[in-house]
Every structure is written in C-alpha cells, then in structure tokens.
Amino acid sequence: MSLRLGDIAPNFQAKTSIGDIDFYEYLGNSWGVLFSHPADYTPVCTTELGRTAALKDEFAKRNVKVLAVSVDPLDKHIGWINDINETQNVSVDFPLIADETREVANLYGMIHPNSSENFTVRSLFVIGPDKKIKLTLTYPASTGRNFIEVLRVIDSLQLTANHSVATPADWKHGEDVIITPAVKTEDAYEKFPKGVKIVKPYLRYTPQPNVD
Ligand code: BEZ
C-alpha cells in the first residue's frame, strides 16, 4: 500500500553524505522534504540537486530540512556531490541518503517496477512537524521537478495549516486566498479583519492573513 496524504511518514536510520542519521531526529520539529532521484552522475538529477542547494535559504526560511535519496552507495554520492558543486556553482550540504538496501525506497514506495525495476522514480514527500505526509509528487526520470513549485506548495501548506483558508489555482505567497466553506459568511468579517470579498456565496476571498 503506498503512502497517502495524512499518513505518518515512516522513520528510518540511514547512511548519508553528512553521516549516519535517524530521520525523525534529523527533522526535529522542522518540516521535511524527502525526495528520490533515479541515479547519481545523471544529468537531470545533477540539475535537481543543484537547484535544491541553490534554494537553501528559501527552504531554511520556511523551516524545512531537505534530504535526497537514491539507491547508489555513499562513495558514489560523495564523488557526485563534487561534480554538482562544480557544475551548478553550489555547495550541496543537505544529506544524500545512500539507500543501497532500498529500505527507504521500499518504505516510501519510490520504486515503481513498471517504470524501472532497479531505480527510484522522482518521488517527493513534504512532511509536517507532526511527521504526517502533507504532499506527494511523482515524476518520471525524464522530467526534472520544479523546486519553485515545491516552495509554493510549502507556503500554501504552512498557511492553510494555521488559518481557515485555502489557496486558489496558481496562487503565490502574498496573493489573496480563499475562505474555506466551513467559515460562515457572517463570521468571516470578524475572522478576516483585512477584508472579505464575496464573488459567489461559495467563492469568498480575503487578503493573505499571515503577511503584513
Ligand atoms: C537524469 O537524471 O538525467 C536521468 C536519470 C535516469 C533516466 C533519465 C534521465
């Protein structure tokens, strides 16, 4: 059975490029992004890990710890990180998990046998501080992920975890948000002092509550 939204993200211990870790201990009270890539020394993966390293401050700003995983061994990870740093002009300092036994890949259903018997697909999990899975993404090996989109979703997840709002299509941090149907319109004005715009009784907007 694959992991679904709201499920507890399984804990594991692993060898990584920054040393041995216990996943839960490493995350602490942070949010987490755990993402798999098919193999080291491959071009798309090189750009993905470079992009993630370049966005280090953006992940940190959101209290998110990032971990990458593939079934390659640790010595290969270490050599490849040098290449990523050189070619992408970054410093990869988040952990790359060396999942030679496929423990993590199997726990998280990252191997899709009809896509590849041997390698992980591009799976990505966003995990909340409660260790529950908040987002899953699965991309094929041939398509690199959009890490700005990952940050955008994290903005939405963190906002909607704390306010009775949802985010509309293509929403970006700072834009108006949708008041959830559970909030009665007569209560909305008090709950959202920045204003309430009613387009239809079921389609109501308010300025994003958690920004100045
Ligand atoms: C890549 O990362 O470039 C890649 C990996 C596996 C298959 C195709 C592309």
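We count ligands from 1, going down the list as the structure has it; atoms in each ligand are counted the same way. Residue indices begin at 1 and follow the sequence shown.
- Ring planes of His77 and His37: tilted class, angle from 30 to 60°.
- Here's the thing with Ala141: none of its N/O atoms is less than 3.5 angstrom from an N/O atom of ligand 1.
- A donor-acceptor contact shorter than 3.5 Å links the side chain of Gln208 to the backbone of Gly174.
- Using a 4.0 Å cut-off to heavy atoms of Cys45, the atoms of ligand 1 that qualify are 1 (C), 2 (O).
- Each of Phe35, Tyr139, Phe59 was scored for a ring pair (Phe, Tyr, Trp, His ring centres under 6.0 Å) with Phe147, with one residue passing: Phe35.
- For Ser142, no nitrogen or oxygen atom sits less than 3.5 Å from a nitrogen or oxygen atom of ligand 1, counting backbone and side chain alike.
- Distances between N or O atoms of Pro43 and those of ligand 1 include at least one value under 3.5 Å.
- When hydrogens are left out, the protein atom nearest atom 3 (O) of ligand 1 is Val44 N, 2.6 Å; that is the closest non-hydrogen contact.
- A salt bridge links Lys61 to Glu58: at least one charged side-chain nitrogen sits closer than 4.0 Å to a carboxylate oxygen.
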Next item on the list: Go through Leu27 and Leu67 one step at a time and tell me if the side chain to side chain contact (heavy atoms under 4.5 Å, CB included) criterion holds.
Entry: CA-CA 10 Å; Leu27 289 180; Leu67 305 93; 4.2 Å; yes
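- In terms of protein heavy-atom proximity, atom 4 (C) of ligand 1 is closest to Arg122 NH2, 3.6 Å.
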